[in-house]
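Encoded as C-alpha cells, the structure appears first; notes follow it.
Numbering of residues begins at 1 and proceeds along the displayed sequence.
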Amino acid sequence: MPVQVLLNIFIAYLWMFLQEDMSILNFISGYFVGLFILMCIRRFFKKPFYLFTLAAIGKLFILFIHELNTSAMMVMKHVLRPKIDVKPGIFKVETDLEGDLEITLLSLLICLTPGSVIMEVTPDSKVLYIHGLNMPESRDSVLKSKSVFEKAIKDVTRK
C-alpha cells in the first residue's frame, strides 16, 4: 500500500510539472490521473488497490463514531435513571480474529458497548472474557457488536 500511495503522489507531481503550472488544482487533477493509472495496472501489484483499503478504514471509523455516540447516549440513560437496577456478570465471547492488532482493535471497540469491559484475553487470543453491567442486555449487545466489528476489522487488516 505505501508503494502505491507514493507512486500516485509521484504521478501527481509529474502531471503538475508537465502542465508547467505549479498549482494545487493541477496537483489534484494529477492525483486523479494517477488513481486512474494505478487502477488500470493494479493487477501487477501484490497487495490490493490502496483506495479499497482506505475505504475500509473509513467504514471502520464511521462505525466507531456511530458506536461512540450510541454508547454515550446509553451511558447517559443509565446515569440519569433515578434507580440503578443492574445485574452484573461475566461471560465469554469467542472470536476468529488473529494477531495482536485485530484482537486489540476488537477489544477497544467492544469496550465502547455500554456496560461492558474486556477483563481478559486468553493466551491463544481466541476467547475474550467480558464483564457486563446488565447481563441479559449487555451480552446481546456485545454479541451483536462483535459480529459487526469483526467484519469491519477483517476488511481493513486482511486482503
Side-chain angles (χ1 to χ4, degrees), residues 1-13 15 24-25 27-43 45-81 86 88 90-122 125-159:
M1 183 171 123
V3 172
Q4 295 177 21
V5 173
L6 290 175
L7 188 58
N8 197 5
I9 291 172
F10 175 74
I11 292 170
Y13 273 114
W15 179 267
I24 191 73
L25 189 60
F27 179 79
I28 292 172
S29 63
Y31 192 82
F32 284 118
V33 168
L35 278 176
F36 177 73
I37 291 170
L38 288 177
M39 184 74 151
C40 291
I41 63 170
R42 72 178 185 263
R43 63 186 169 138
F45 294 115
K46 293 178 182 172
K47 299 208 174 191
F49 187 49
Y50 82 94
L51 207 57
F52 299 146
T53 306
L54 287 178
I57 290 171
K59 179 183 168 190
L60 182 63
F61 182 71
I62 289 171
L63 183 64
F64 165 74
I65 295 298
H66 176 266
E67 286 296 320
L68 183 66
N69 288 334
T70 305
S71 174
M73 293 299 162
M74 292 297 288
V75 168
M76 274 188 355
K77 187 176 123 181
H78 280 291
V79 169
L80 295 176
R81 201 180 311 172
V86 293
I90 298 172
F91 58 97
K92 74 177 187 174
V93 173
E94 295 183 8
T95 182
D96 59 345
L97 294 178
E98 300 168 352
D100 292 339
L101 176 67
E102 291 180 352
I103 297 297
T104 303
L105 276 174
L106 180 65
S107 299
L108 291 172
L109 290 171
I110 284 179
C111 283
L112 282 176
T113 307
S116 63
V117 176
I118 304 289
M119 291 176 44
E120 185 177 352
V121 179
T122 57
S125 299
K126 294 297 178 190
V127 178
L128 306 170
Y129 289 98
I130 301 172
H131 178 271
L133 184 64
N134 207 359
M135 259 318 278
E137 295 171 10
S138 291
R139 181 174 172 83
D140 295 338
S141 63
V142 165
L143 291 176
K144 184 182 81 164
S145 296
K146 180 194 83 91
S147 62
V148 173
F149 291 146
E150 276 185 344
K151 183 183 180 318
I153 291 170
K154 285 178 187 177
D155 288 344
V156 171
T157 58
R158 298 180 188 175
K159 291 282 178 174

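Leu60 has its side chain out of reach of Phe64: every pair of non-hydrogen atoms, C-beta onward, lies at least 4.5 Å apart. The shortest side-chain heavy-atom distance between Phe45 and Leu7 falls under the 4.5 Å cut-off.
Atom CZ of residue Phe91 and atom CE of residue Met119 lie 11.0 Å apart, to the nearest 0.5 angstrom. Expressed to the nearest 0.5 Å, how far CD1 of Ile110 lies from CD1 of Ile118 amounts to 4.5 Å. In this structure, CD in Glu67 is found 5.5 Å from CG in Leu63, a value given to the nearest 0.5 Å. Rounding to the nearest 0.5 angstrom, the gap separating the CG atom in Asp155 from the NZ atom in Lys59 is 5.0 Å. Residue Tyr129 holds its OH atom at 7.0 Å from OG1 of Thr122, rounded to the nearest 0.5 Å. To the nearest 0.5 Å, atoms CE (Met39) and CD1 (Ile37) are separated by 13.5 Å.
Considering every non-hydrogen atom in both Gln4 and Tyr50, the closest pair reads OE1-N, 2.8 Å. The two residues Pro48 and Thr53 come nearest to each other via the heavy atoms CG-OG1, 4.5 Å. Ser71 approaches Leu112 most closely through the heavy-atom pair OG-O, 2.6 Å. Leu106 approaches Phe149 most closely through the heavy-atom pair CD1-CB, 3.8 Å. In this structure, Ser107 and Leu128 approach most closely via the heavy-atom pair OG-CD2, 4.1 Å. Nearest heavy-atom pair across His131 and Pro88 is NE2-CB, 3.8 Å.
A donor-acceptor pair is defined here as one N or O able to donate and one able to accept, closer than 3.5 Å; no such pair exists between the side chain of Ser138 and the backbone of Met135.
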Output, in order, the C-alpha distance, side-chain angles, deciding distance and verdict of side chain to side chain contact (heavy atoms under 4.5 Å, CB included) for Glu94 and Lys92. CA-CA 7 Å; Glu94 295 183 8; Lys92 74 177 187 174; 4.1 Å; yes
Note to self: Please evaluate residues Val93 and Val127 with respect to the criterion side chain to side chain contact (heavy atoms under 4.5 Å, CB included), reporting the C-alpha separation (whole Å), side-chain torsions for both, the decisive distance (0.1 Å), and the verdict.
What the structure shows: CA-CA 6 Å; Val93 173; Val127 178; over 6 Å; no
Step by step, work out the side chain to side chain contact (heavy atoms under 4.5 Å, CB included) result for Val5 and Phe10. CA-CA 9 Å; Val5 173; Phe10 175 74; over 6 Å; no
One pair to check against salt bridge (charged side-chain N to carboxylate O under 4.0 Å, His left out): Glu102 and Arg158. What are the steps and the verdict? CA-CA 10 Å; Glu102 291 180 352; Arg158 298 180 188 175; 3.1 Å; yes
- Query: What's the verdict on salt bridge (charged side-chain N to carboxylate O under 4.0 Å, His left out) for Asp96 and Lys126, showing C-alpha distance, side-chain angles and the deciding distance?
  - Reply: CA-CA 6 Å; Asp96 59 345; Lys126 294 297 178 190; over 6 Å; no
- After noting the C-alpha distance and the side-chain angles of Lys154 and Leu97, does the key distance pass the side chain to side chain contact (heavy atoms under 4.5 Å, CB included) rule? CA-CA 8 Å; Lys154 285 178 187 177; Leu97 294 178; 3.8 Å; yes
### Task
For Lys144 and Asp140, run salt bridge (charged side-chain N to carboxylate O under 4.0 Å, His left out): C-alpha distance rounded to whole Å, both residues' side-chain angles, the deciding distance at 0.1 Å, then the answer.
CA-CA 6 Å; Lys144 184 182 81 164; Asp140 295 338; over 6 Å; no
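Phe52 has its ring centre less than 6.0 Å from the ring centre of Phe49.
Side chains of Glu150 and Thr95: a donor on one and an acceptor on the other come within 3.5 Å.
For CG of Leu80, the number of neighbouring non-hydrogen atoms (other residues, nucleotides, ligands) closer than 6.0 Å is greater than 12.
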